[in-house]
Protein chains: 2
Amino acid sequence: MTRSRVTVVDIAQAAGVSKSTVSLVLQASPLVNEQTRAKVNAAIRELGYVYNRGAANLRQTASSKIVGIVVNDLTNSFFAELAVGMDMVMQSAGFVQFLANTGESIDRQREVVASMREHGISGLIISPARGTEAADFKPLTAAGVPVVVVVRNIAGAKVSSLLSDNYAGARQATEHLISLGHRRIAFLGGFSDTAVSGERMLGYREALAAAGLDADAALMVNSAPSRAGGVTAIERAMLIADRPTAALCFNDAVAFGVCDGLRARGLEPGRDFGVVGFDDVIEAETAVPALTTVSVDPQGMGRRAAQMLLKQINSGRVEAEAQVASVRLVVRQSCGATLKTWDGGATHDTASHDTVGTDRRQHDRA
Amino acid sequence: MTRSRVTVVDIAQAAGVSKSTVSLVLQASPLVNEQTRAKVNAAIRELGYVYNRGAANLRQTASSKIVGIVVNDLTNSFFAELAVGMDMVMQSAGFVQFLANTGESIDRQREVVASMREHGISGLIISPARGTEAADFKPLTAAGVPVVVVVRNIAGAKVSSLLSDNYAGARQATEHLISLGHRRIAFLGGFSDTAVSGERMLGYREALAAAGLDADAALMVNSAPSRAGGVTAIERAMLIADRPTAALCFNDAVAFGVCDGLRARGLEPGRDFGVVGFDDVIEAETAVPALTTVSVDPQGMGRRAAQMLLKQINSGRVEAEAQVASVRLVVRQSCGATLKTWDGGATHDTASHDTVGTDRRQHDRA
DNA sequence: TGACTATTTTGGAACGATCCAATAAATCTC
DNA sequence: GAGATTTATTGGATCGTTCCAAAATAGTCA
């Protein structure tokens, strides 16, 4: 016996006014008399009324107060934090968000976006799955739904974007490793056919070139952009004859995997091998050794993307705007630059240095 | 010039039928003639029609195909994976989900649940913030909205729940550490005033008691249930005179922090100190040393919770059902079990074993 | 008091899809 | 070929809110 919903009419009846008046109270209109407002509010509380936004949204002037957020891998801390950042500003703005995970499946992405549209989102933030094309956003923009693309760029799409400065970050990180004395620097993880990977790799290569080092193709190894991928990437990188002594990793997850892989072969990241990540996820700081990484502040990026979207929703204009979030290298321990004390090992009795490189040794175990 | 929405009437006109017929086509009714259906579908594609679910939901017989998911800390892998598990089955069932992060704020939680209700969720899965009371769910259940509480129990709430068997898991893990010869076993991390922590701590204490060991209050140290919390917890635990030789950690995040903290003081987890986590997050397997932990399979739990909710939504009956997800101890390396000769002494010259870390040695620096 | 503002309140027509009862068209039955 | 049956189609009322034009009430001033 599910009793039928409590509606404005019920409230009106209970408060002895018309439904129009109740409606005015609901939207806090100054037109309504204080006493009347109090009576209506009392009735609302009394009857346990809940506003039906769906009904209100029917009138085409209304905004649904719903946005869609689509990410490709929520299990990756980077995206989880991105989502949390968005959530914060959306909640504060009185919006509620659909969130969907695509797991890089373009089909799921299409379904999920279609589904969100049916439910009437007033905007969409998406970190597109691999293979997403500019044309995929056509229907959205044509319908006047603002879209913000984050993290991964979609060439030719007439939507707003918020990307991190991958080129600059990678270049800076690579230069840092070079300044520490490294000459054989690997680029590990990620898929080179993605825009993000391409940009980071370009920064890496140009930094090498500028220093007069040549980019050995054997030093660039693709892998899944995950911790497990990092393990396999470093394994492969150490198979070649002229081994790297340091690596720029596609992201922090890969970097952690690389650290795992190094330890598995008896090498200590930061001491025996320089490791630099990308993203600066929350664990990067507390990990041991603390991860030197390019900070992109995912939560901040999420907040910023949300603000971009809100601005467009509120202004009513759908005008593409491309923003680039600047990044900065955060030097911690995994690159070897701040090497302090854990030199430990009996076969190892160097004094402390503040750079890597001097006490690096080759552990031949293969 | 945002042209007004395309509606069923427009489609009807274009296809030369009535809006009722269009509606029948939309819900794939067998009543409609094949040719008519084709005509209508063509018009739908032609005009770029998008279904307006909000309008459909007005009729009270309809189900909104929206569920709400509320978690308290999406940056914790455990919850991220839980969410992904739910997302999977919800997507497959044609539902779309609101997702909100409360960050343990009971106010945000209340706001966000209210907001979701206004948008017409047909069900809610919630991992309640600390301090949530049974009464908070009253309005939901009274309105016939099924609720599934996950992870944390709310005593007295008349809603369904899916909890992991914290008691059994903690007991099993503690027994395992005891069987490895440990006598001073700490319980690190978490807040003892939460249900989850209470259950796990009980399992820990009863295992100790059953083995004739007494539970030293100094060995139980509270901390935030995060990686950073784990670092501080182990630091505090190592300050006491009669130090622990192993620890059961509140969750995997804490366990990783404990490993970090141990390394910072020159101790190698798994060799010099037994560490057991709880949750079995995805990184537990690939970490070095691989984390011995109580597997609760967060993704599987998410899927299961989603299924419970769907069952209730579909059956229309709101009947509370309490499920307990069984857990199992996954023995990896961090507990030291794969190292046979654990003796806890400072002088330590074990031979090679088939684990990582054979050439790592103890660094006494404290 | 009556005319004239302000200030409040209010029916009814949207909004877009569904569903029921009723109709129209096609097929069958004897 | 008239009636019964099956198969397709269709107006209109409905869901809960907003908004507009209009009405009712209160307040002001000559």
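Every chain is numbered from 1, with letters handed out A, B, ... down the list of sequences. Given the structure is predicted, the values throughout are model-derived calculations rather than measurements.
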Checklist entry - If each of K19(B) and A55(B) is mapped to the nucleotide of DNA chain D with the nearest heavy atom, which maps nearer the 5' terminus, i.e. the 5' end? => result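 Result of the comparison: K19(B).
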Checklist entry - Who pairs with A93(A) by side chain to side chain contact (heavy atoms under 4.5 Å, CB included), at least two apart in sequence or on another chain? => result F95(A), L310(A)
Next on the checklist: Under 4.0 Å, heavy atom to any atom of DNA chain C: which of residues 32-43 of chain A qualify?
Outcome noted: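 Result for residues 32-43 of chain A: V32(A), N33(A), T36(A), sorted by number.
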Checklist entry - Is T7(B) touching bases, backbone alone, or none of the nucleic acid, heavy atoms closer than 4.0 Å? => result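 Counting heavy atoms under 4.0 Å across all strands, the contact made by T7(B) is with sugar-phosphate only.
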Checklist entry - Using a cut-off of 4.0 Å on non-hydrogen atoms, how would the nucleic acid contact of V17(A) be classed: base, sugar-phosphate, or nothing? => result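 If one applies the 4.0 Å heavy-atom cut-off, V17(A) turns out to touch the sugar-phosphate alone, with no base involved.
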Checklist entry - Between D193(A) and R130(A), is the closest basic N to carboxylate O distance under 4.0 Å? => result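 A salt bridge is present here (some side-chain N lies under 4.0 Å from a carboxylate O).
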[X] and [Y]: side chain donor to acceptor below 3.5 Å:
X	Y	answer
Q109(A)	T132(A)	yes
D107(A)	S105(A)	no
S64(A)	N57(A)	no
S115(A)	E111(A)	no
S92(B)	R108(A)	yes

Checklist entry - Could you state the interatomic distance from OG (S160(B)) to CD (Q312(B)), rounded to the nearest 0.5 Å? => result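 Here the interatomic distance stands at 3.5 Å.
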Checklist entry - Would you say the base of dG11(D) and the side-chain of S18(B) have a donor-acceptor pair closer than 3.5 Å? => result no
Next on the checklist: So, under a plain 3.5 Å distance rule, would you say the side chain of R59(B) forms a donor-acceptor pair with the base of dA17(C)?
Outcome noted: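 Answer no: no donor N or O sits under 3.5 Å from an acceptor.
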Short N/O separations, protein against nucleotides 23-28 of chain D, under 3.5 angstrom:
none

Checklist entry - Should R5(B) be listed as having a side-chain N or O under 4.0 Å from OP1 or OP2 of dG16(C)? => result yes
